[in-house]
K.L.:
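Handing you this structure, nothing more for now.
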Amino acid sequence: MKDRLTEELLAMRAAQEIRPGDYCNVGVGLPQLCASHVPTGAIVQAENGTLGYGPLVGLDNVDEMDLDFIDAGGSFFTTAPGMAFFDILTSFVMIRSGRLKSFLGGLQVSEKGDLAIHSLSSVDKFPQIGGSMDLAWGAKRLIVLMTHNTKDGVSKVVKKLTLPVSARACVDLIITDLAVIEVTSSGLMLKEYAPGWTPHEVQAQTDAQLILANNVKEIEF
Amino acid sequence: MKDRLTEELLAMRAAQEIRPGDYCNVGVGLPQLCASHVPTGAIVQAENGTLGYGPLVGLDNVDEMDLDFIDAGGSFFTTAPGMAFFDILTSFVMIRSGRLKSFLGGLQVSEKGDLAIHSLSSVDKFPQIGGSMDLAWGAKRLIVLMTHNTKDGVSKVVKKLTLPVSARACVDLIITDLAVIEVTSSGLMLKEYAPGWTPHEVQAQTDAQLILANNVKEIEF
Amino acid sequence: MSKICTAGEAMAIVDDGDMIAAHNWGISGSPGYLFRALVERGVKDLTLCIPNLIPLPEGFVERGLTDPTILIPQLKKIISPFIGARGILSSISETFLSTLAKEGRLEIETSTHGILMERLYAGAMGLGGIYSPVGVGTIIAKSKEKRTIDGVGYIFEKPLRPDVGLIKADKADTLGNLVYRGSARGANPVIAMASKYTIVEVFDVVEPGELEPEMIVTPGVFVDRVVRIPDEDVYSGKRRPELMKILTEVMLARGG
Amino acid sequence: MSKICTAGEAMAIVDDGDMIAAHNWGISGSPGYLFRALVERGVKDLTLCIPNLIPLPEGFVERGLTDPTILIPQLKKIISPFIGARGILSSISETFLSTLAKEGRLEIETSTHGILMERLYAGAMGLGGIYSPVGVGTIIAKSKEKRTIDGVGYIFEKPLRPDVGLIKADKADTLGNLVYRGSARGANPVIAMASKYTIVEVFDVVEPGELEPEMIVTPGVFVDRVVRIPDEDVYSGKRRPELMKILTEVMLARGG
């Protein structure tokens with residue numbers, strides 16, 4: 001079997017979508033890995049109330065850990081010049097007002113850009129929605145990061161969602177371990193594919209119909 | 001003709017309604033005069049964004065005037081320990097959330113506690129409503145200060161408003177230059193009358209029917 | 001990519017027909033320097049959302065200060081809770097407003113301070129509308145949907161999402177983070193959040209890190225352009241003592 | 001008349017059936033000291049509004065720290081966007097929750113962080129309801145009124161007006177003015193505004209004037225009772241370095 005992108009490479013490709021001057025939110029899980037690849041001049045938001053914080057505390061600098069400096073996923077961050085603190089109400093005004101590029105994980109994305117991010121079973125048991133529906137609705141541009149297929153090989157890029165919808169017609173770009181796919185008004189457009197793969201092979205792994213971009217090419221890092 | 005309370009005495013009587021620990025807003029005009037009689041431990045709010053400011057700047061201390069320290073009526077205030085600044089959105093959350101005693105002027109108050117504070121003509125020409133409808137609706141306790149009669153001798157304490165309503169069933173207490181009247185579920189209750197007047201004489205100046213309080217008495221200062 | 005620019009450069013974003021929001025509650029905190037730049041931009045048919053539209057008292061305009069009434073010739077609509085002022089609306093502006101309003105060329109939408117704030121907040125939050133308790137049965141409610149919820153009456157208010165917010169702050173850093181001073185904060189923070197594009201005038205621009213993160217009131221994400229008022233301008237930080245002197249003189253002349 | 005009191009004294013206001021709001025997003029900013037006092041108060045049938053209901057990871061509870069799951073036996077309803085945590089919901093709490101939910105004794109209302117915030121804000125502002133854009137066509141919208149406004153779909157959300165808000169701040173002055181620190185600010189300011197009665201736990205109480213007026217985030221008018229955490233308590237300001245040490249140990253033990 002051909003190699004798919006590692007999580008790290010997927011995150012690196014996703015981080016290319018962040019431009020200097022951008023404000024972005026990187027969701028818990030796979031998207032969080034983008035944080036280490038954010039270009040200078042772009043600013044990351046944590047929905048629990050910080051903008052523009054520094055690199056996360058790692059095992060090599062635990063002495064810099066501060067109880068009151070945590071990101072949305074509960075990781076400790078270091079300070080950075082120009083960072084700002086605010087309450088969660090203001091944070092969700094920020095998120096809802098369309099000023100952030102959002103990077104979210106996903107379970108399924110449909111041809112229309114509908115996103116499923118919560119499985120029915122987990123929602124039924126206890127709600128674990130957090131701020132993801134707000135982030136999906138309010139994003140200036142929504143980029144979904146996910147593996148192309150489930151562990152059982154089932155496509156997550158689908159004609160129609162089979163899982164419960166989290167937000168409709170919200171996804172702008174899908175980045176998987178196989179492809180970069182843009183959601184357009186005429187359907188899903190394959191723009192890039194994983195090194196060593198062909199568009200045809202990517203389509204074979206995909207439930208939804210893919211339109212080939214004119215300049216479709218291999219993903220570069 | 002018998003003497004009515006001066007504006008200053010009216011404001012002094014109104015200020016007796018303020019207790020230590022109270023947060024209050026004193027509207028532009030007659031209510032503003034209460035500000036100099038606020039007891040220690042009560043805190044005044046200016047709806048343009050300050051809580052707990054010090055005495056107003058007068059002609060004797062113009063050197064303490066600061067361009068950025070103005071109250072809702074545009075007067076300059078001095079600082080005081082424990083004061084806080086905030087934006088107008090937060091200010092109106094404060095006003096709407098029922099935590100302030102409000103002192104407003106009025107053109108008419110009805111038996112049901114309906115308040116008219118804007119004349120039709122001025123509203124028609126240009127809106128000059130400001131925050132008064134918010135203050136009337138949101139007050140923990142609303143005290144209206146006004147002369148008992150118009151310059152032409154017409155009662156402002158009325159059975160039914162003849163001027164446009166600003167807020168319905170909102171007034172708790174009316175303090176005029178003739179009387180202190182509480183709005184109760186059974187009607188308007190005369191609690192105090194101006195020195196030298198009798199309840200009967202106050203009623204004669206009043207369009208609405210007044211109920212005599214058991215302990216009705218002369219206003220004291 | 002820098003947010004720092006001149007007022008003229010910043011104003012290029014404003015088009016005919018735009019909805020503009022700005023603060024006004026006396027001189028302090030009201031973006032007088034940007035008002036002048038908007039006049040120079042020369043666009044028309046604007047809608048202006050403003051908590052107050054209060055002209056400056058005599059003695060100020062003569063000294064180069066402006067008030068939002070200078071925008072009137074460019075407006076087609078004003079949304080405001082308070083227009084004019086007790087006795088100090090200059091006869092010129094008053095005549096102008098009355099004439100326009102009478103001729104139907106200038107629409108005036110009455111509001112309250114609280115309603116204006118909540119409509120801006122609703123716009124920032126992406127809401128479709130809110131049921132507001134203030135003004136039921138009054139002129140405010142005219143031709144608005146009514147609804148009783150749990151026994152209380154409300155009126156339906158629609159969000160405001162201005163195209164451009166003109167605001168004023170004390171200091172900005174180069175990332176657009178803002179701090180205010182005293183009652184100059186006003187409606188500036190909520191206008192910054194609600195507007196699609198926010199331009200701020202400031203006395204000073206500092207480097208990132210110079211503003212204490214806990215003290216930043218408007219985070220830079222809400223601010224698109226930062227205009228430092230030039231030192232020679234009457235609105236500049238440098239000339240504030242002079243402005244204060246004018247005010248004191250006017251106050252003493254009025255007798256308090 | 002003083003707002004300063006003990007946690008026990010402050011809790012006297014809480015009655016059976018009350019709606020309580022509190023912040024939770026990790027240890028920081030969550031009023032753990034007041035949670036313990038609420039358990040001691042012994043009231044029941046409470047509704048809890050909380051952004052997250054996340055149990056502490058192993059290693060903390062053993063050291064005297066608490067999380068909001070200790071309130072579960074007193075609850076009849078939880079309104080929260082996030083209950084549990086990836087892999088760290090202790091088996092005890094999980095069993096407890098499932099059992100209660102299954103038996104219908106504990107109602108769980110799903111929300112999102114943004115919706116919870118806007119409902120609290122709407123409560124503070126006295127609104128009757130809002131049309132919110134998030135969650136249309138999802139589990140969130142279940143049995144809620146829908147409405148299309150200007151071509152966009154919205155769902156009707158009702159305000160939340162908690163009877164008691166339990167919050168945490170860094171410092172209070174004796175008037176109840178509050179400042180926060182870093183991401184510990186959280187939902188505390190909006191809970192203070194929305195609640196009919198607000199109790200705050202703080203590390204320190206200072207005199208009026210010691211907090212810079214521009215830095216005050218929650219003005220004292222929103223705060224009814226101020227509880228200084230006693231120095232000997234694990235949550236106290238004095239013992240924060242110790243807490244930090246525990247955290248570091250746990251982090252190092254988990255390998256990051």
Side-chain angles (χ1 to χ4, degrees), chain B residues 28-29 46-50 53 56-60 62-63 65-77 79 83 85-96 114-118 120 122-138 164-168, chain C residues 23 25-29 51-54 57 78 80-86 89 94 97-98 101 108-118 120-121 133-140 153 170 180-190 193 217-218 240 243-244 247-248 251-252 255-256:
Chain B
V28 175
E47 64 260 37
N48 59 327
T50 315
Y53 48 94
L56 298 185
V57 172
L59 287 178
D60 50 341
V62 280
D63 51 318
M65 211 154 85
D66 186 310
L67 211 49
D68 291 333
F69 295 174
I70 58 163
D71 72 4
S75 300
F76 294 89
F77 58 74
T79 60
M83 78 176 180
F85 295 119
F86 38 86
D87 71 343
I88 306 186
L89 179 64
T90 306
S91 176
F92 279 84
V93 167
M94 223 172 258
I95 286 166
R96 293 273 197 89
D114 296 346
L115 171 66
I117 195 169
H118 315 95
L120 189 61
S122 78
V123 168
D124 261 1
K125 200 171 180 191
F126 306 120
Q128 298 208 334
I129 289 171
S132 54
M133 286 188 186
D134 301 285
L135 283 158
W137 185 87
V165 65
S166 299
R168 287 195 198 283
Chain C
H23 178 60
W25 205 312
I27 294 176
S28 182
N52 303 288
L53 190 74
I54 300 184
I78 300 171
S80 181
F82 202 100
I83 297 179
R86 276 141 290 122
L89 188 62
E94 181 149 17
L97 267 175
S98 318
I108 295 177
E109 184 178 329
T110 303
S111 189
T112 79
H113 284 141
I115 293 174
L116 186 64
M117 294 304 109
E118 71 190 9
L120 287 167
Y121 164 82
V134 170
V136 175
T138 74
I139 184 171
I140 292 291
D170 206 59
Y180 303 89
R181 187 166 178 277
S183 29
R185 196 181 297 194
N188 289 299
V190 67
M193 295 194 293
V217 172
T218 298
R240 290 212 105 198
L243 203 60
M244 204 58 237
L247 249 178
T248 312
M251 192 176 168
L252 288 172

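Order of the sequence lines sets the chain letters (A, B, ...), proteins ahead of strands, with each chain counted from 1. Quick caveat: nothing in here was measured; it's all calculated off a predicted structure.
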K.L.:
Quick one: CD1 on C:I115 to CD1 on B:I129, what's the gap to the nearest 0.5 Å?
P.N.:
8.0 Å
K.L.:
Donor-acceptor pair, C:S183 side chain versus B:D68 backbone, under 3.5 Å?
P.N.:
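Yes, the answer is positive, given that a donor and an acceptor are paired below the 3.5 Å cut-off.
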K.L.:
Just by distance, do the side chain of B:D134 and the backbone of C:G114 share a donor-acceptor pair under 3.5 Å?
P.N.:
yes
K.L.:
At a heavy-atom distance under 4.5 Å, which candidate from C:A187, C:G26, C:S80 has the highest pair count against chain B?
P.N.:
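Counting heavy-atom pairs under 4.5 Å, the top option is C:A187.
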K.L.:
Does some side-chain heavy atom of C:P81 sit less than 4.5 Å from a side-chain heavy atom of B:M133?
P.N.:
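Sidechains of C:P81 and B:M133: no contact.
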K.L.:
Find out whether C:H113 and B:I95 are in side-chain contact, i.e. whether some heavy atom of one side chain is under 4.5 Å from a heavy atom of the other.
P.N.:
no
K.L.:
Minimum heavy-atom separation for C:W25 and B:E47, please, with both atom names.
P.N.:
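Nearest pair, atom of C:W25 first, then B:E47: CH2-CG, 3.8 Å.
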K.L.:
What residue in B:L89, B:T79, B:V57, B:V93 has the most heavy-atom pairs under 4.5 Å with chain C?
P.N.:
B:L89
K.L.:
Check each atom of C:T248 against the heavy atoms of chain B and say whether the ones under 4.5 Å are side chain, backbone, both or neither.
P.N.:
both
K.L.:
Please lay out, stage by stage, how B:R96 and C:V134 fare under the test side chain to side chain contact (heavy atoms under 4.5 Å, CB included).
P.N.:
CA-CA 9 Å; B:R96 293 273 197 89; C:V134 170; 3.2 Å; yes
K.L.:
Against chain C, work out which of B:L67, B:V62, B:D63 has the most heavy-atom pairs shorter than 4.5 Å and name it.
P.N.:
B:L67
K.L.:
If you take all heavy atoms of B:Q128 and C:I83, which pair is closest and at what distance?
P.N.:
NE2-O, 2.8 Å
K.L.:
Which distance, rounded to the nearest 0.5 Å, do you find between the CZ of B:F92 and the CG of C:L116?
P.N.:
9.5 Å
K.L.:
What part of B:T50 gets closer than 4.5 Å to chain C, counting heavy atoms only: side chain, backbone, both or neither?
P.N.:
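The side chain, not the backbone.
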K.L.:
Among the options C:P189, C:P133, C:G137, C:S28, pick out the one with the most heavy-atom pairs lying under 4.5 Å from chain B.
P.N.:
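So the answer, after comparing C:P189, C:P133, C:G137, C:S28, is C:P133.
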K.L.:
If you apply the rule side chain to side chain contact (heavy atoms under 4.5 Å, CB included), what do you find for C:T138 with B:H118, and how did you get there?
P.N.:
CA-CA 10 Å; C:T138 74; B:H118 315 95; over 6 Å; no
K.L.:
For chain C, which candidate among B:G131, B:G130, B:S91 shows the most heavy-atom pairs at distances under 4.5 Å?
P.N.:
B:G130
K.L.:
Which answer fits B:Y53, side chain, backbone, both or neither, if we ask what part of it has an atom under 4.5 Å from a heavy atom of chain C?
P.N.:
neither
K.L.:
At a 4.5 Å cut-off on heavy atoms, which part of B:D66 comes close to chain C: side chain, backbone, both, or neither?
P.N.:
both
